[in-house]
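Encoded as structure tokens, the structure appears first; notes follow it.
Both backbone and side-chain heavy atoms feed into the values below; hydrogens, waters and symmetry mates do not.
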Amino acid sequence: MKVSLRAGERIYINGAVLRVDRKVSVELVNDVMFLLEGQVMQASDATTALRQLYFIVQLMLMNPTDVRDAAALYGEHYAALRAVCESREMLDGLVAIDELIGATRYFEALKRIRALFPVEQAILAGATTESPFEAA
């Protein structure tokens with residue numbers, strides 16, 4: 001896989017953070033977990049239940065040598081989401097995400113979570129009272 005980076009951009013590869021000083025292309029020739037800087041969510045942006053799930057999975061990807069605590073937190077958060085969610089599209093997405101997590105395919109899980117952000121937003125926009133999807 002070939003990844004192109006702009007000057008000053010960071011990439012997170014198997015827990016290491018690399019920053020390049022000029023435009024560069026990097027070819028990843030073996031199986032690695034990576035995340036581009038633009039895909040990294042800050043803790044302050046984890047304002048909804050699904051965004052919090054994204055942040056937890058992101059931690060698992062960024063620190064693959066120590067996922068135990070993040071995995072436990074993921075399990076609790078995932079179970080809570082499943083318990084309150086009524087949307088079939090959201091429930092199907094959560095099941096797919098959990099399967100990806102079980103296979104340690106964190107990057108694909110993050111992509112699947114991002115794809116559900118508009119669904120969550122529509123649910124929140126349609127809520128007239130406090131929603132169980134709002135951040136705890």
**Asked** side chain to side chain contact (heavy atoms under 4.5 Å, CB included) between L5 and R10: does it pass, once the steps are laid out?
**Response** CA-CA 8 Å; L5 302 169; R10 291 181 208 154; over 6 Å; no

Gap separating the [atom1] atom of [X] from the [atom2] atom of [Y], nearest 0.5 angstrom:
| X | Y | atom1 | atom2 | value |
| --- | --- | --- | --- | --- |
| L94 | L116 | CG | CG | 6.5 Å |
| R6 | K23 | CZ | NZ | 10.0 Å |
| D92 | S87 | CG | OG | 8.0 Å |
| L61 | F107 | CG | CZ | 8.0 Å |
| M41 | L53 | CE | CG | 10.0 Å |
| F55 | L73 | CZ | CG | 10.0 Å |

Are [Y] and [X] linked, directly or through intermediate hydrophobic residues, by side-chain heavy-atom contacts shorter than 4.5 Å (ILVMFWY only)?
| X | Y | value |
| --- | --- | --- |
| F117 | Y78 | yes |
| M1 | V24 | yes |
| L91 | V84 | no |

Is the side chain of [X] donor-acceptor paired with the backbone N or O of [Y] at a distance under 3.5 Å, no angle test?
| X | Y | answer |
| --- | --- | --- |
| E89 | V119 | no |
| E27 | K2 | no |
| H77 | A49 | yes |

Provide the closest heavy-atom pair for [X] versus [Y] in the form atom of the first, atom of the second, distance.
| X | Y | value |
| --- | --- | --- |
| V67 | M60 | CG1-O, 3.4 Å |
| D21 | A7 | O-CB, 3.8 Å |
| L110 | Q58 | CD2-N, 3.7 Å |

**Item:** Within 6.0 angstrom of R114 CZ, more than 12 heavy atoms from elsewhere
**Value:**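 Above 12, so yes.
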
**Fill in**
When I101, D98, L100 are each screened for side-chain contact (heavy atoms from CB on, under 4.5 Å) with R112, the one that passes is L100

**Request:** Evaluate the side chain to side chain contact (heavy atoms under 4.5 Å, CB included) criterion for residues M90 and I123: first the C-alpha distance (whole Å), next the side-chain angles of each, then the deciding distance (0.1 Å), finally the verdict.
**Result:** CA-CA 10 Å; M90 187 67 77; I123 292 169; 4.0 Å; yes

**Asked** Given the rule in the side chain to side chain contact (heavy atoms under 4.5 Å, CB included) test, do L28 and I13 qualify, once you have shown the distances and angles that lead to the verdict?
**Response** CA-CA 10 Å; L28 304 173; I13 302 175; 4.1 Å; yes

**Asked** Do V57 and I113 touch side chain to side chain, with heavy atoms closer than 4.5 Å?
**Response** yes

**Request:** In sequence, state the C-alpha distance, the side-chain angles, and the governing distance for I97 and Y74, and then conclude on side chain to side chain contact (heavy atoms under 4.5 Å, CB included).
**Result:** CA-CA 11 Å; I97 290 161; Y74 165 82; 4.1 Å; yes

